[in-house]
Amino acid sequence: MEEVKNQQVILKDYVNGFPKESDMLLKTSTIIPLKLPQGSNGVLLKNLYLSCDPYMRARMSKTQGSYFEPFTPGLPITGLGVAKVVDSGHSNFKKGDLVWGGTGWEEYTIITTPQTLFKIQDTDVPLSYYTGILGMPGMTAYYGFYEICAPKKGEYVFVSSASGAVGQLVGQFAKLTGCYVVGTAGTNEKVELLKNKFGYDEAFNYKEEQDLDAALKRYFPEGIDIYFENVGGKMLEAVLLNMRVNGRISACGMISQYNLNQEEGVRNLSSIIMKRLLVKGFIVSDHFNLLPKYMEMVIPLIKEGKICYIEDIVEGLESAPAALVGLFSGKNVGKQVVVVARE
């Protein structure tokens, strides 16, 4: 029976404040066999691509009330990724299948509950896309924009963290719908990307704005119909003042709050009442039943060149800690992906 060493990224201990590379440890575990035990109902995966996502920060702390269990110190970090089936005891998967879903930050992972895995059908697009546009971030953009916000042609749309894994798609979906779209990002390079690559009508660097309320009034003199919320904090406060009557806010993430020991309060909440706003949070894993519908829409758009997707790819498991930490200082340009192996 063939055996291999298994390199892993381990969480050393629970994290307070901003995560650091030193909070994680790269180690080589004991040798593992490339065959499952007799009678196993699981699958053995060779991991190819790993996804770095902001929600993972909450799992690095011992928080209560989260929709995800925290990571366990001393064990490999887990997240979403693309993998190849090496061995399977499950009837839905066979050796050689390509899958995406929950996996470990390691070279090889045994999944005992393969219900969290999705078989990859379309392989004439980059496999790494299944960590992004064809995976969780894509479904997040789709559900949060179309299902919650119900956009109409001509409406005014604002997207925060607009060049990230989700935001870059929301802006393009909005343009395909016929909306006027403005995005914000944290560098001038990303602002240019929003306007020149993703088709945003306007974009601005929030770090260069002293007054976010004034900035929004400059770009939305008639107000905002739809806000796709990725950051929270001061940006949300300013947006509430600039929403139009019957506006919709899709609350996807609040990355400005994830590294604070005590979250900030938000002012201007009376605008929700005065302007009859719909504010709805969501967890995309609740809505994966819509995945076939989304795939039917987005794959033709990719193949016809009507939508593009930018990835920030780093090579090797040893690069994974820095890539994950970099999300929280805006180092990544586009979807952050770690290549573990290229099959």
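All values below come from the heavy atoms of this structure, side chains included, with hydrogens, waters and symmetry mates left out.
- Within 6.0 Å of atom CD in E318, more than 12 heavy atoms from other residues, nucleotides or ligands are found, so the atom counts as buried in its surroundings.
- The ring pair (Phe, Tyr, Trp, His ring centres under 6.0 Å) analysis of residues 75-98, with sequence neighbours excluded, yields the pairs H90-F93.
- N188 pairs by the side chain to side chain contact (heavy atoms under 4.5 Å, CB included) definition with N205, E208, not counting sequence neighbours.
- Remark: N92 CG to N41 CG distance equals 9.0 Å, nearest 0.5 Å.
- For the side chain to side chain contact (heavy atoms under 4.5 Å, CB included) test, residues two or more places apart in sequence or in another chain that qualify with V181 are V157, V159, A174, K175, C179, Y200, D201.
- Judged purely by atom type and a 3.5 angstrom limit, N196 has no side-chain atom pairing as donor or acceptor with the backbone of L193.
- For NZ of K119, the number of neighbouring non-hydrogen atoms (other residues, nucleotides, ligands) closer than 6.0 Å is greater than 12.
- With S88 contributing its side chain and V43 its backbone, the two residues share no donor-acceptor pair below 3.5 Å.
- Separating the CH2 atom in W100 from the OG1 atom in T103 is a distance of 13.0 Å, to the nearest 0.5 Å.
- Side-chain atoms of T131 never come within 3.5 Å of backbone atoms of G81 as a donor-acceptor pair (strictly under, hydrogens ignored).
- Looking at residues two or more places apart in sequence or on another chain, you find no ring-ring contact (aromatic ring centres under 6.0 Å, His included) involving F328.
- Remark: the backbone N or O of V333 is paired with a side-chain donor or acceptor of D312 at under 3.5 angstrom.
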Can you list, pair by pair, the side-chain donor-acceptor contacts under 3.5 Å of residues 233-251, counting residues two or more places apart and other chains?
unit_1 : atom_1 : unit_2 : atom_2 : d
E237   : OE1    : R267   : NE     : 3.4
E237   : OE1    : R267   : NH2    : 3.1
E237   : OE2    : R267   : N      : 3.0
E237   : OE2    : R267   : NE     : 3.4
N242   : OD1    : K217   : NZ     : 3.2
N242   : ND2    : D213   : OD1    : 2.9
N242   : ND2    : A238   : O      : 2.8
R244   : NE     : E222   : O      : 3.1
R244   : NH1    : D225   : OD2    : 3.3
R248   : NE     : C149   : O      : 2.8
R248   : NH1    : E155   : OE2    : 3.1
R248   : NH2    : C149   : O      : 2.9
R248   : NH2    : A150   : O      : 3.3
R248   : NH2    : E155   : OE1    : 2.6
R248   : NH2    : E155   : OE2    : 3.2
S250   : OG     : G144   : O      : 3.0

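- Applying the side-chain hydrogen bond (donor to acceptor under 3.5 Å, both in side chains) test to every pair with at least one member in residues 326-340, sequence neighbours left out, gives these pairs: S51-K335, D53-K335.
- In summary, the aromatic rings of F118 and F288 are positioned with their centroids under 6.0 Å apart.
- I111 contributes atom CD1, which lies 5.5 Å from atom CG of L117 (distance to the nearest 0.5 angstrom).
- No hydrogens or angles considered: nothing links the side chains of S61 and N16 as a donor-acceptor pair under 3.5 Å.
- The main-chain N or O of L36 is never found under 3.5 Å from a side-chain atom of S40 such that the two would form a donor-acceptor pair.
- Looking at M297, Q168, Q172 one by one, the single match for side-chain contact (heavy atoms from CB on, under 4.5 Å) with I307 turns out to be Q172.
- Listed for the Y309 side chain is a donor-acceptor partner under 3.5 Å among the backbone atoms of A165.
- E315 and R342 are joined by a salt bridge, as a carboxylate oxygen and a charged side-chain nitrogen come within less than 4.0 angstrom of each other.
- From Y108, atom OH reaches atom CG of N47 across 9.5 Å, with rounding to the nearest 0.5 Å.
- Under the 3.5 Å distance criterion, the side-chain polar atoms of T113 are left unmatched by any main-chain donor or acceptor of Q115.
- A distance of 8.5 Å separates CD1 in I120 from CG in L134, rounded to the nearest 0.5 Å.
- Residues meeting the side chain to side chain contact (heavy atoms under 4.5 Å, CB included) test with K95, sequence neighbours left out: none.
- Here R218 pairs with E209 in a salt bridge; the nearest charged N to carboxylate O distance falls below 4.0 Å.
- In summary, D122 and K303 engage in a salt bridge, as defined by a charged side-chain N under 4.0 Å from a carboxylate O.
- Scored by the ring-ring contact (aromatic ring centres under 6.0 Å, His included) test, Y294 finds Y142 as partners (sequence neighbours excluded).
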>> Before you tell me yes or no, could you show the steps for Y227 and S160 under side chain to side chain donor-acceptor pair (under 3.5 Å), namely the whole-Å CA-CA distance, both residues' side-chain angles and the distance that decides it to 0.1 Å?
In response: CA-CA 8 Å; Y227 174 46; S160 56; 3.0 Å; yes

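- In this model, a donor atom of one side chain and an acceptor atom of the other lie less than 3.5 Å apart for E311 and S128.
- For K195, the side chain to side chain contact (heavy atoms under 4.5 Å, CB included) partners two or more places apart in sequence, or in a different chain, are V191, E192, E202, A203.
- Scanning both residues, Y49 and V337, for their nearest heavy atoms gives CD2-CG1, 3.9 Å.
- The closest donor-acceptor contact from the side chain of Q262 to the backbone of E264 lies at 3.5 Å or more, if one exists at all.
- Counting non-hydrogen atoms of other residues, nucleotides and ligands closer than 6.0 Å to NZ of K5 gives a total of 12 or fewer.
- Panel note: side chain Y129, backbone V125; no donor-acceptor pair is recorded below 3.5 Å.
- In the hydrophobic cluster analysis, where Ile, Leu, Val, Met, Phe, Trp and Tyr join through side-chain heavy atoms closer than 4.5 angstrom, I283 is grouped together with L290.
- Ring centroids of F158 and F228 are separated by 6.0 Å or more, keeping the two rings apart.
- Annotation for K197: atom NZ does not count as buried by contact number, only 12 or fewer foreign heavy atoms lying within 6.0 Å.
- Remark: F68 engages Y55 in a ring-ring contact (aromatic ring centres under 6.0 Å, His included) (not counting sequence neighbours).
- Looking at E107, its side chain does come within 3.5 Å of a backbone N or O of Q7 through a donor-acceptor pair.
- Under the ring-ring contact (aromatic ring centres under 6.0 Å, His included) criterion, F145 pairs with no residue, sequence neighbours left out.
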Could you give the side-chain donor-acceptor pairs of residues 69-76 under 3.5 Å, partners two or more places apart or in another chain?
none

> E106 and K27: salt bridge (charged side-chain N to carboxylate O under 4.0 Å, His left out), yes or no, with the steps?
Replying inline: CA-CA 9 Å; E106 54 190 347; K27 65 172 277 191; over 6 Å; no

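- In plain terms, the two heavy atoms of V314 and S319 that are nearest each other are CG2-CB, 3.8 Å.
- The CD1 atom of I32 sits 4.5 Å away from atom CG of N6, with the distance rounded to the nearest 0.5 Å.
- Counting non-hydrogen atoms of neighbouring residues, nucleotides and ligands closer than 6.0 angstrom, the CD atom of E296 reaches no more than 12 such neighbours.
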